[in-house]
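The shown structure was predicted, so the numbers you read here are calculated from the model rather than taken from an experiment. Note: hydrogens, waters and symmetry copies are ignored here, and every other heavy atom, side chains too, is used.
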Amino acid sequence: MAMAATVSATRFPAVAAGALRGLRWRCSPPDHHALLFSKRPGPVSLNHRRRFVAPSALHKADVQAKDEGQPETLDYRVFFLDGSGKKISPWHDVPLRLGDGVFNFVVEIPKETSAKMEVATDEPYTPIKQDTKKGKLRYYPYNINWNYGLLPQTWEDPSFANTEVEGALGDNDPVDVVEIGERQAKIGEILKVKPLAALAMIDEGELDWKIVAISLDDPRASLVNDADDVEKHFPGTLTAIRDWFRDYKIPDGKPANRFGLGNKAANKDYALKVITETNESWAKLMKRSVPAGELSLV
């Protein structure tokens, strides 16, 4: 996820180093854990493609997110632990699919915050960290209005030129998710979501997919099953997401991002196709069928 670096007044409240946050993929985390950030500023089966599932994927075990270091510092990390306390990767070890068109979504950035958090794809166990530029912590120029993060076990292959999106190459990251539910999630939380639409963002020539999804625990989740439903029950949201990601680099003096596919959100079927294709790319990466470069596959 290539993001701009503009410092905001938003800052973290203090959080005790090493605090554990118990997470289950099928339930919400405990309410006692404080948010890391202040508040300013079904469905279609693609049976024509084989699905890859990592042999080491954890399907039923509990997962904990453990803070190491202090928020708003260069060495701050959020690691993920399995039920035995062993470190796992939120990118490689959390399963993508839960069945019935439901997917796991790992929250990196809670809605209404501006700190640019991301999975460290080049570090062992790929913990979540705050991104940096020239040694300084990175912030969006304004709050992001939705929960933001990644789909585990996906990868946008930088050697693959997508002919449907101007021949753009993948951005070498997991696929991004924009979750439109009303609740502010917590960093490191794993939500069950259903995809609704896809936006093909082109960032400096790289294809950076944004999958629009909703958490199953949202009160309006049952009302939305495709892009048209989002327009009906969340009017203006797809346009707002596109415009936010189009413009967020402008305050930093950079040009606006562009979008393929006619500058519009593709429907759920297309979003599922993107997920399947990028899951297959991730499988090739894990099998060392394509060069990993500096990516951590631990």
Problem set entry | Minimal non-hydrogen separation, Leu191 against Ala185, with atom names | CD1-CB, 4.2 Å
Problem set entry | Sidechain-backbone polar pair: Glu179 side chain, Asn147 backbone, donor-acceptor under 3.5 Å | no
For this session: With rounding to the nearest 0.5 Å, note down the distance linking CG in Leu285 to CG in Asp157.
Result: 8.0 Å
For this session: Sequence neighbours left out, what passes side chain to side chain donor-acceptor pair (under 3.5 Å) with Thr126? Give chain and number order.
Result: Ser89
Problem set entry | Test item: Ser114 and Asn143 side chains (from C-beta on) under 4.5 Å apart, heavy atoms | yes
Exercise. According to the interplanar angle, ranging from 0 to 90°, do the rings of Trp282 and His92 count as parallel (below 30°), tilted (30 to 60°) or perpendicular (above 60°)?
Worked result: parallel
Exercise. Do the non-hydrogen side-chain atoms of Asn279 and Arg97 ever get within less than 4.5 Å of each other?
Worked result: yes
Exercise. Is there side-chain contact between Ser296 and Glu123, with at least one heavy-atom pair below 4.5 Å?
Worked result: no
For this session: Salt-bridge test for Lys273 and Glu277: reply yes if a basic N is under 4.0 Å from a carboxylate O, no otherwise.
Result: yes
Problem set entry | Test of ring centre spacing under 6.0 Å for Trp244 and Tyr140 | yes
For this session: Would you check if Ile180 and Leu196 make a side-chain contact, meaning some heavy-atom pair closer than 4.5 Å?
Result: yes
For this session: Measure from the side-chain N and O atoms of Arg242 to the backbone N and O of Asn263, and report whether any donor-acceptor pair falls under 3.5 Å.
Result: yes
Exercise. Does Asp218 reach the main-chain N or O of Glu182 with its side chain, forming a donor-acceptor pair under 3.5 Å?
Worked result: yes
Problem set entry | Heavy-atom side-chain proximity of Trp91 to Val106 below 4.5 angstrom | no
For this session: Return the minimal non-hydrogen interatomic distance between Leu261 and Ala266, and the atom names on each side.
Result: CD1-CB, 4.0 Å
For this session: Please report the closest heavy-atom contact between Gly260 and Ile202, naming both atoms and the distance.
Result: N-CD1, 4.1 Å
Exercise. Among Asn162, Leu169, Thr163, whose side-chain contact (heavy atoms from CB on, under 4.5 Å) with Val165 holds?
Worked result: Asn162
Problem set entry | Side chain Asp82, main chain Ser84, donor-acceptor under 3.5 Å | yes
For this session: May I ask you to test the Val298-Lys87 pair for a side-chain heavy-atom distance under 4.5 Å?
Result: no
Exercise. Applying the 4.5 Å side-chain criterion to the ILVMFWY set and letting contacts propagate, would Met117 and Ile144 be lumped into a single cluster?
Worked result: yes
Exercise. Should Lys210 and Asp208 count as an ion pair when the cut-off is N to O under 4.0 Å?
Worked result: yes
Exercise. Is Phe79 reachable from Ile88 through a run of hydrophobic residues whose side-chain heavy atoms are each under 4.5 Å from the next?
Worked result: no
For this session: Report yes or no: do Asn172 and Trp155 form a side-chain donor-acceptor pair below 3.5 Å?
Result: yes
Problem set entry | Beyond-backbone contact of Tyr139 with Lys116, side-chain heavy atoms, under 4.5 angstrom | no
For this session: Could you pull out the closest heavy-atom pair between Pro195 and Ile211, with the gap in Å?
Result: CB-CG2, 4.0 Å
For this session: Check whether any side-chain N or O of Lys194 sits under 3.5 Å from a backbone N or O of Val224 as a donor-acceptor pair, and report yes or no.
Result: yes
Exercise. Could you give the distance from CD (Glu231) to OG1 (Thr237), rounded to the nearest 0.5 Å?
Worked result: 8.0 Å
For this session: Please test Glu206 against Asp173 for side chain to side chain contact (heavy atoms under 4.5 Å, CB included), starting from the C-alpha separation and ending with a verdict.
Result: CA-CA 11 Å; Glu206 294 182 339; Asp173 280 327; over 6 Å; no
Problem set entry | Trace of the side chain to side chain contact (heavy atoms under 4.5 Å, CB included) decision for Asp247 with Tyr142 | CA-CA 11 Å; Asp247 297 339; Tyr142 33 71; 4.2 Å; yes
Exercise. Do any N or O atoms from the side chain of Thr154 and from the backbone of Val175 form a donor-acceptor pair under 3.5 angstrom?
Worked result: yes
Exercise. Which heavy atom of Gly167 sits nearest a heavy atom of Ala161, and at what distance?
Worked result: O-CB, 3.4 Å
Problem set entry | For Tyr76 against Pro71, the heavy-atom pair lying closest together | CD1-N, 3.5 Å
Problem set entry | Common cluster, Leu151/Tyr125, ILVMFWY with side-chain heavy-atom separation under 4.5 Å | no
Exercise. Between Asn104 and Pro95, is there a donor-acceptor pair closer than 3.5 Å when you use the side chain of the first and the backbone of the second?
Worked result: yes
Exercise. Rounded to the nearest 0.5 Å, how far does OG1 of Thr113 lie from OH of Tyr148?
Worked result: 12.0 Å
For this session: Taking Glu118 for its side chain and Glu108 for its backbone only, find out whether a donor-acceptor pair lies under 3.5 Å.
Result: no
Exercise. Does Asp252 use its side chain to pair, donor to acceptor, with the backbone of Lys254 at less than 3.5 Å?
Worked result: no
Exercise. Any donor-acceptor pair under 3.5 Å linking the side chain of Arg288 with the backbone of Met286?
Worked result: yes
Problem set entry | Salt bridge flag under 4.0 Å for residues Lys232 and Asp229 | no
Exercise. Do Ile250 and Pro141 have side chains that get closer than 4.5 Å, going by heavy atoms?
Worked result: no
Exercise. For the atom pair OH (Tyr270) and CD1 (Ile275), what is the distance rounded to the nearest 0.5 Å?
Worked result: 12.5 Å
Exercise. Of all residues at least two apart in sequence or in a different chain, which pass the salt bridge (charged side-chain N to carboxylate O under 4.0 Å, His left out) check with Arg220?
Worked result: none
Exercise. Where does the angle between the aromatic ring planes of Tyr248 and Phe245 fall among parallel (under 30°), tilted (30 to 60°) and perpendicular (over 60°)?
Worked result: perpendicular
Exercise. Could you state the interatomic distance from CD1 (Ile190) to OG (Ser215), rounded to the nearest 0.5 Å?
Worked result: 12.5 Å
Exercise. From Glu112 CD over to Ile109 CD1, what is the distance, rounded to the nearest 0.5 angstrom?
Worked result: 12.5 Å
For this session: Look at the side-chain heavy atoms of Ile, Leu, Val, Met, Phe, Trp and Tyr, link any pair under 4.5 Å apart, and say whether Trp209 and Phe160 land in one connected group.
Result: no
Problem set entry | NZ/NE/NH1/NH2 to OD/OE distance under 4.0 Å, Asp203 and Lys249 | yes
